[in-house]
Amino acid sequence: MTAEAEIGRRARVADSTAPMIELRGVSKQFRKTLDLAGRIAQRLGANVREEVVHAVDNVDLAVKQGEVVGLVGESGCGKSTLGRMVAGILPASSGTILWKGQDVKTLPPEQAKAAKLAIQMIFQDPYASLNPRLRVDRIIGEAPLVHGLVTQGEFDAYLAQQMRRAGLDPAFKRRYPHQFSGGQRQRIGIARALAVQPEFIVCDEAVAALDVSIQAQILNLFMDLRRDLNLTYLFISHDLGVVEHLSDRVVIMYLGRIVEEAPAEDVFASPNHPYTQALLTGVPRIDSRKRAFSAVRGEIPSPLNPPSGCHFHPRCPHAMARCREEAPKLKAIAPGRRSACHLNDGAA
Amino acid sequence: MSEQPTIEVRNLRTHFFTKAGVVKAVDDVSFSVGKGRILGLVGESGSGKSVTGFSIMGLVDPPGRVAGGEILFQGRDLAKLSEEEMRKIRGARIAMIFQDPMMTLNPVLRIDTQMIETVLAHDKVSEAEARKRARAALVQVGIPSPDERLKAYPHQFSGGMRQRVAIAIALLHKPELIIADEPTTALDVTIQGQILFEVQKLCRESGTSLIWITHDLSVVAGLADEICVMYASRIVEKGTVDEVLDHPLHPYTRGLIGSVPSRNVRGRPLAQIPGMTPSLLNLPPGCAFRARCPRASEACLVEPEMTAPLPNREVRCFHPHLETVAA
């Protein structure tokens with residue numbers, strides 16, 4: 001049980017007030033550079049340009065120790081890109097990411113490695129995120145062995161412990177991923193992430209591909225693990241029901257920007273931003289029967305060519321002239337609540 | 001309710017005769033949908049809900065076939081029709097909408113080509129008339145600037161727009177019955193809201209009957225009149241939406257409802273169903289839910305029949321949760 005003791009110690013040492021991870025003005029652009037033909041065409045005066053997608057646009061976000069932050073948005077809003085930057089898989093184009101108060105880019109190599117190990121990610125598709133040619137013992141056990149968290153002698157016991165914790169029978173350790181069901185595979189993904197004793201988990205749509213009854217099992221597992229291992233989660237999902245169930249705080253994104261951030265109870269009780277309101281009325285609930293579905297107008301615009309000003313203005317029922325020109329800033333509207341909407345500036 | 005239902009399925013069995021053995025994908029399934037009514041067919045992956053839809057459409061491919069039962073569409077048994085007769089009904093009187101609209105749309109043809117072709121397949125009208133109808137169908141599902149959109153290719157549409165086009169194609173012949181197989185599962189919340197809005201309006205205004213196949217109880221809660229819950233190829237519970245969701249009789253339905261995160265259980269552990277769905281290749285004898293059921297007893301070693309312990313309620317269980325109804 002040394003691993004558990006170690007995690008407990010780290011949790012106590014961690015400063016409980018400073019955010020565990022903090023993003024300051026983080027942006028990510030993806031560029032499609034011109035190929036040779038494109039460059040020639042451009043020389044000759046054709047109207048071809050480099051395409052730039054602003055996947056994440058100037059985002060500030062802080063996650064405190066032990067907190068579960070739900071990150072919600074529809075496809076193309078940049079929530080997965082943001083998650084990947086937090087997990088250190090993608091570099092940010094600009095802005096700083098702080099891990100326990102220190103910029104991850106300027107950390108000395110030893111600490112940088114420790115920080116990367118401490119942040120792990122669980123992916124959406126349990127069919128695509130496991131190497132089909134590796135047996136479960138290697139999928140879960142390779143990283144802790146390589147990083148020296150466990151010796152060869154203790155390996156079997158450690159592996160069994162990790163598998164049991166994720167709800168897997170250690171007797172299956174010589175099996176391949178294809179021999180498991182979807183829910184069990186997601187458990188393998190969870191065991192793999194937890195095997196390196198992380199403190200922070202990024203879950204990217206981790207239950208979206210699962211059946212309802214299996215989804216409930218995995219959500220319960222996440223909650224148990226949070227309690228037992230004192231984990232901090234960034235929980236990315238498009239499913240508002242799941243986010244409401246798990247999160248302490250909710251962050252809502254639309255086309256690369258955060259539009260609203262609030263404690264979970266508040267956001268579901270009294271959403272401030274018109275987009276949040278639209279999302280919440282759109283979500284089907286088991287306790288609302290024979291309702292008349294109402295529709296938000298319009299499509300989600302392409303992030304290649306987002307609308308000017310407030311990105312939501314073409315679909316917003318309250319849009320004014322100002323919304324077309326000026327992007328609203330994310331401002332505090334109440335303690336712990338931020339929203340990016342001009343309506344909050346009063347009826348001026 | 002003396003009116004004849006639009007579709008009545010009686011003891012439908014669809015089996016797949018594979019090398020590994022007979023897979024009973026749909027086993028003894030019965031339900032009916034009246035005019036303008038919406039039936040939610042709910043179940044998890046592999047429960048047989050999609051195959052039920054395919055069976056009605058006559059789209060089950062070998063090694064599968066409809067092995068028994070009747071599919072009465074306005075009194076005619078579809079299972080007994082020849083391929084030629086079925087072709088006249090399919091697409092014209094019964095239409096299907098699939099989860100992935102790219103299954104319906106041909107990626108190399110323009111939308112107008114595909115829609116006009118669909119119109120002409122069943123009606124002898126001029127091409128101009130067919131185009132007019134195609135345009136009207138696009139307007140009906142809320143597609144802006146339909147004249148330009150008719151000339152576009154499927155890849156130029158977003159996912160939600162493609163699904164609308166697929167629905168518009170299904171509407172071209174004003175079918176009496178639409179079978180929708182998870183049509184909003186791949187869509188975003190706001191787009192799903194738009195599609196549900198259109199579908200609801202359609203059933204209300206034109207009296208089209210709808211079978212909505214889904215794994216998502218919360219969509220069905222807001223949309224359907226009746227629910228059939230399927231588990232391992234069989235319907236285990238049947239009733240009106242309010243009855244089934246508020247007073248589930250079958251332990252599986254109860255478990256399923258408890259698994260859905262909702263307002264009143266925030267932060268608390270969800271009621272989970274232990275274990276997983278059994279393989280249809282070697283179902284244990286007796287009730288298929290037995291191994292996961294908290295109420296299972298000796299009696300469950302025998303296959304339960306569909307019974308009606310209450311008026312308008314049907315359940316396939318020896319130990320239904322009748323106590324919740326009395327309360």
Side-chain angles (χ1 to χ4, degrees), chain A residues 68 72-77 181-184 207-221 223-224 238-248 264-265 268-269 275 278-302 315, chain B residues 42-47 142 144 158-161 184 186-201 204 215-225 241-242 245-246 252 255-277 292:
Chain A
V68 178
V72 185
E74 299 183 282
S75 25
C77 75
S181 68
Q184 282 177 312
V207 294
L210 305 174
D211 266 324
V212 196
S213 68
I214 307 300
Q215 176 180 303
Q217 294 174 0
I218 300 292
L219 289 178
N220 284 345
L221 177 63
M223 286 192 282
D224 293 346
H238 70 283
D239 187 332
L240 287 158
V242 168
V243 167
E244 181 178 14
H245 190 79
L246 278 186
S247 314
D248 303 316
E265 296 91 6
F268 286 98
Y275 176 63
L279 264 187
L280 289 182
T281 42
V283 62
R285 285 184 181 280
I286 199 161
D287 35 22
S288 56
R289 302 293 153 64
K290 283 308 282 177
R291 48 177 290 204
F293 287 97
S294 58
V296 201
R297 293 178 293 158
E299 293 282 288
I300 303 165
S302 157
R315 305 176 74 190
Chain B
V42 183
E44 298 187 279
S45 350
S47 61
S158 66
M161 277 294 178
T184 59
L187 302 179
D188 281 310
V189 181
T190 53
I191 309 299
Q192 169 173 283
Q194 293 170 355
I195 301 273
L196 292 174
F197 174 72
E198 304 293 349
V199 165
Q200 232 176 10
K201 199 172 80 184
R204 206 172 43 227
H215 69 279
D216 192 339
L217 277 173
S218 22
V219 169
V220 164
L223 183 72
D225 302 299
V241 166
D242 288 333
L245 294 183
D246 292 337
Y252 175 65
L256 212 54
I257 294 170
S259 303
V260 179
S262 76
R263 238 161 230 185
N264 18 6
V265 291
R266 206 179 96 76
R268 275 181 277 152
L270 295 164
Q272 60 183 49
I273 308 174
M276 49 190 173
T277 340
R292 306 173 73 186

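The chains referred to below are lettered A, B, ... by the order of the sequence lines, with proteins before strands, and numbering in each begins at 1.
Contacts with chain A were tallied for B:M161, B:Q192, B:K201; B:M161 has the most, counting heavy-atom pairs under 4.5 Å. When the candidates B:L217, B:L245, B:V219, B:I195 are compared by the number of heavy-atom contacts under 4.5 Å with chain A, B:L245 comes out ahead. The residue among B:D246, B:V199, B:L256 with the most heavy atom pairs within less than 4.5 Å of chain A is B:D246. Ranking A:R315, A:M223, A:E265, A:Q217 against chain B, the residue ahead of the rest is A:Q217, based on heavy-atom pairs under 4.5 Å.
Using a 4.5 Å cut-off between heavy atoms, B:R204 makes no contact with chain A at all. Of the two parts of A:Q215, only the side chain, counted from C-beta on, holds a non-hydrogen atom closer than 4.5 Å to a non-hydrogen atom of chain B. Heavy-atom distances place no part of A:T281 under 4.5 Å from chain B, backbone and side chain included.
Residue B:R268 comes nearest to A:H245 through the heavy atom pair O-NE2, 2.9 Å, listed as atom of the first residue, atom of the second, then distance. Listed here is the closest heavy atom pair of A:S213 and B:E44: OG-OE2, 2.8 Å. Shortest non-hydrogen contact noted between B:Q272 and A:A216 is OE1-O, 4.0 Å. The two residues B:P261 and A:G241 come nearest to each other via the heavy atoms CB-O, 3.5 Å. Taking all atoms of both residues into account, the shortest heavy-atom contact from A:H238 to B:V189 is O-CG2, 3.9 Å.
The closest donor-acceptor contact from the side chain of A:N220 to the backbone of B:L270 lies under 3.5 Å.
Considering CG of A:D211 and CD1 of B:I273, their distance stands at 10.0 Å, rounded to 0.5 Å.
Test A:L219, A:V212, A:I214 against B:S259 for side chain to side chain contact (heavy atoms under 4.5 Å, CB included) and you get one pass: A:V212.
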